[in-house]
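Order of appearance sets the numbers: ligands from 1, and atoms from 1 within every ligand. Starting from 1, each residue takes its place in the sequence as its number.
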Amino acid sequence: MSTSLKLTIITPERKLYDGEIKSINTETTEGHIGILPKHAPIIANLKPTVTVIKDNKGEVKRLFTSSGLMKVEEDNIIVLCDASEWKEEIDFNRAEKAKERAENRLKNREEGLDVNRAEIALCRALVRLKFKDLL
Ligand code: ATP
């Protein structure tokens, strides 16, 4: 029985991950999901979150993944997302400013505001800021 999965994480700009893993935990619009070998085939919508990967050596890696899609089929996982960063790549000042902008938009509720867009922008910023406290 296969004990590993092949994971590829791609953004419009680059390939963040390409390798064999033991598991991945991430968040879909329906809730948290963990994928192990032999998972049923799925396509899921991803929410901005802290995605946790256990690599083949058992090492745990965490990275920010934004909105996107995940396809799982025959132990192959493809994550296509709008943006993704490792902790050391995250600019926390930028995320703090993005958080304030989104919070102000949601507070002021100016006419024509795309509430869903502002809420997702706030979610991206809050998840990026979570990495401050993660090892
Ligand atoms: P901002 O309003 O600051 O652009 P955003 O959440 O709208 O934030 P995204 O659309 O998620 O930004 O990402 C656009 C690009 O900028 C991607 O390449 C992403 O990796 C990068 N990026 C966005 N915010 C940060 C950040 N705080 N630190 C590092 N890279 C970031």
Problem - atom 9 (P) of ligand 1 - nearest protein heavy atom and its distance - result: Arg128 NH2, 3.9 Å
Fill in the blank from the handout: One finds that the ligand 1 atoms under 4.0 Å from a non-hydrogen atom of Asp91 are 26 (C), 27 (N), 28 (N), 29 (C)
Practice task
Spell out, yes or no, whether Phe131 and Leu126 are grouped together once hydrophobic residues are joined by side-chain heavy atoms under 4.5 Å, including indirect joins.
Solution key: no
Practice task
Tell me which one of Glu13, Arg94, Arg124 gets a heavy atom nearest to atom 21 (C) of ligand 1.
Solution key: Arg94
Completion exercise
The side chain to side chain donor-acceptor pair (under 3.5 Å) partners of Thr11 (sequence neighbours excluded) come to none
Exercise for the section: Return yes when Arg101 approaches ligand 1 closer than 4.0 angstrom through a heavy atom, no otherwise. Expected result: yes
Practice task
Name the closest protein heavy atom to atom 31 (C) of ligand 1, giving the residue it belongs to and the distance to 0.1 Å.
Solution key: Glu85 OE2, 3.7 Å
Problem - Short N or O distance, Ser66 and ligand 1, threshold 3.5 Å exclusive - result: no
Handout entry: For atom 17 (C) of ligand 1, closest protein heavy-atom neighbour
Key = Ala83 CB, 3.8 Å
Practice task
Might you confirm whether atom NZ of Lys54 has over 12 heavy atoms from other residues, nucleotides or ligands at distances under 6.0 Å?
Solution key: no
Practice task
Verify side chain to side chain contact (heavy atoms under 4.5 Å, CB included) between Ile9 and Lys15, making sure each step is shown before the conclusion.
Solution key: CA-CA 6 Å; Ile9 301 178; Lys15 198 181 271 183; over 6 Å; no
Completion exercise
Taking only non-hydrogen atoms of Ile90 and a 4.0 Å limit, the atoms of ligand 1 in range are 28 (N), 29 (C)
Exercise for the section: Report yes if some N/O of Asp82 lies less than 3.5 Å from some N/O of ligand 1; otherwise report no. Expected result: no
Please output the side-chain donor-acceptor pairs of residues 62-74 that fall under 3.5 Å, not counting sequence neighbours, one pair per line with the distance.
unit_1, atom_1, unit_2, atom_2, d
Thr65, OG1, Thr51, OG1, 2.6
Lys71, NZ, Glu73, OE1, 3.1

Fill in the blank from the handout: A student checking ligand 1 against Glu89 at a 4.0 Å heavy-atom cut-off should list atoms 28 (N), 29 (C)
Exercise for the section: Count the heavy atoms belonging to other residues, nucleotides or ligands that lie under 6.0 Å from CD of Glu88, then report whether that count exceeds 12. Expected result: yes
Problem - Glu20 and Lys6 ion-paired at < 4.0 Å - result: no
